[in-house]
Amino acid sequence: MADEPEVPPVESQETTGRYLVVFAEDASADVAAAAAGISVAHTAEYAADASIDVESVLQEADAVYFDELKVAVTKAPPQQVQFLGARGEAGSPVIAVAEERIVYPSEELELRRVQIEEPEARPAAEGSRDYARGYRDAISDLYFRLYGAPDAAREEGGIIAPAAGPLWVDTATLTWGLAATRVNASTFTGRGVRVAVLDTGFTPNHPDFAGRPVASANFVVGEPPQDLNGHGTHCIGTALGPRRPRATQRRYGIAGEADIFSGKVLAVGGSGDSVIIAGIDWAVRNRCRVISMSLGAEVRPGQAHSAPFEIVAQRAMNRGALIVAAAGNDSSRPGIVIPVSHPANCPSIMAVAAIDAFGQVASFSNRAINPAGGQVDIAGPGVNVFSSWRLPLRYRTISGTSMATPHVAGIAAQYLQRNPGLTPQQLWAELQMRARRLPLPNIDVGAGLVQSV
Amino acid sequence: MSNSSKVRVVISVADEQMNDLSSVTAALNDAGADVEQAYESVGTIIASVDESKVDAVRNVNGVTHVEQERIIPGPPPDSDIV
């Protein structure tokens with residue numbers, strides 16, 4: 001019984017009393033319907049350009065089955081619909097059952113709410129005031145349904161509202177960032193996907209990466225190959241760390257089975273574009289699908305993005321690689337807000353902003369101030385992010401759009417494992433499509449908080 | 001002798017010439033640039049050139065964009081915001 005879809009009772013006035021039934025891809029709707037004693041009219045039997053009047057078809061048949069969609073609308077009573085979902089040898093043919101709702105055009109909906117408050121005609125003067133009060137109450141009701149009481153911490157219900165406490169916290173077994181991006185609910189590991197992280201290098205003898213193959217390259221002249229800073233190890237940890245780390249209980253990494261390509265491009269004293277481009281070339285030649293760059297140079301208001309770097313990014317995309325880069329940490333909100341850094345400000349590079357565990361924009365996170373490029377595309381967890389660090393420290397909790405960026409990169413690897421055929425442009429669209437919309441300006445967070453799949 | 005100030009530039013090569021970077025490289029050298037790297041994957045050349053010769057580099061056949069490279073700072077070592 002546990003696996004059969006529940007049939008909800010018809011309660012509200014806003015439903016038709018009928019049910020929508022979604023069938024599995026390989027299910028035979030006819031077999032299930034016959035077993036339940038439900039007669040079915042198939043849309044496939046109508047001419048392609050015929051308009052089907054569902055109401056009148058349902059005078060004669062118990063259900064209309066939309067063959068192309070594998071969805072039926074049925075007037076059959078709940079017990080019969082329940083039977084439809086009964087398990088056969090091949091499992092239940094039904095994925096979901098829902099009440100058929102009545103849908104209004106938006107303007108009409110608001111009028112209806114007001115009418116609910118004011119059903120009777122009244123003398124003009126009194127009527128106007130009561131009308132206004134009714135309207136106010138309807139809007140207040142709508143407001144509180146959406147945003148809740150002012151001091152309630154609201155996470156459930158899908159809307160993130162200003163709250164008294166954080167929406168997410170580090171637990172003993174999971175970082176807040178992985179909870180906020182729903183990585184913990186995903187089974188995708190990035191297996192088969194090559195991800196390049198261009199940064200300060202990696203710490204190859206870190207216990208959490210023992211036995212994990214890592215391709216490394218050093219483009220910094222005069223420095224040894226390993227990570228002298230820790231920053232690169234931290235970013236690789238977030239994007240690509242193991243599901244079950246060895247030296248801590250707390251999971252901090254996303255695509256634990258992706259192929260790691262660590263390119264050291266950031267010298268202690270900084271690096272020119274030429275070194276970054278060397279790293280990009282290496283990643284592209286090695287068929288990396290995601291290139292994570294937690295690096296950037298401050299940009300002035302009105303300054304254009306780099307045309308040659310934009311061309312590098314476009315051509316990397318043509319070669320199957322999505323470049324994801326940090327929007328930059330130059331701001332000090334609310335007083336000082338700086339444009340998105342170079343090279344994240346290139347249109348063909350996905351620029352990542354940072355949010356904190358309260359669902360707010362990080363104080364340091366840059367904003368889309370410059371036109372023609374320079375936008376923020378998406379946001380990730382970037383404040384107090386726990387991840388791997390160089391030895392002997394092993395772990396560190398730090399902040400930055402540098403931390404938000406590898407969240408996107410690791411999740412992108414999960415998307416690519418799920419759907420290997422995605423082009424970089426399609427991957428970009430999917431990441432934005434599934435991002436969790438935030439009640440924050442898109443010049444600060446782009447499409448919203450990246451979500452795992 | 002005048003003081004030459006050399007700058008490193010990032011040079012974009014036209015789509016049609018991406019497969020033949022060597023001829024663009026030769027032309028750049030003729031124009032007075034020291035070509036350091038040529039990346040076929042992204043059709044981009046890195047060169048050092050005297051500031052006075054940047055315009056000549058721009059006019060080389062097959063070159064679409066030339067910009068002085070920007071410097072990306074390393075992560076600040078003593079900060080918790082990186």
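First the proteins, then the strands, lettered A, B, ... as listed; each starts at 1.
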Within residues 334-354 of chain A, contacts to chain B at heavy-atom distances under 4.5 Å involve A:H342, A:P343
Using only non-hydrogen atoms and a strict under-4.5 angstrom cutoff, which residues of residues 386-404 of chain A touch chain B?
A:R396, A:I398, A:S399, A:G400, A:S402, A:M403
Part of [X] within contact of chain A (heavy atom distance under 4.5 Å):
X: B:Q37; answer: neither
X: B:I81; answer: both
X: B:S79; answer: backbone
X: B:R70; answer: both

Distance, nearest 0.5 Å, that separates [atom1] of [X] from [atom2] of [Y]:
X: A:N318; Y: B:S41; atom1: CG; atom2: OG; value: 11.0 Å
X: B:I45; Y: A:I277; atom1: CD1; atom2: CD1; value: 11.5 Å
X: B:I72; Y: A:L198; atom1: CD1; atom2: CG; value: 11.5 Å
X: B:T44; Y: A:D281; atom1: OG1; atom2: CG; value: 9.0 Å

What I want to find out is whether B:D15 reaches A:R315 closely enough, with some N-O distance under 4.0 Å, to be called a salt bridge.
yes
Region of [X] that comes under 4.5 Å of a non-hydrogen atom in chain B:
X: A:L295; answer: both
X: A:V220; answer: neither
X: A:V268; answer: backbone
X: A:A267; answer: backbone

So which of [options] has the largest heavy-atom pair count under 4.5 angstrom toward chain A?
options: B:V42, B:I46, B:I71, B:V10; result: B:V42
options: B:P75, B:S12, B:G74; result: B:P75
options: B:T64, B:V82, B:I11; result: B:V82

Greatest number of heavy atom pairs closer than 4.5 Å to chain B - which of [options]:
options: A:S306, A:A362, A:G269; answer: A:S306
options: A:A316, A:G382, A:A326, A:G296; answer: A:G296
options: A:L266, A:I280, A:T200, A:I311; answer: A:I311

Which atom names give the shortest non-hydrogen contact between B:P73 and A:A297, and what distance separates them?
CD-CA, 4.1 Å
Which heavy atom of B:Y39 sits nearest a heavy atom of A:S274, and at what distance?
OH-O, 4.2 Å
Verify the neighbour count for atom CG of B:D34: are there more than 12 heavy atoms of other residues, nucleotides or ligands below 6.0 Å?
yes
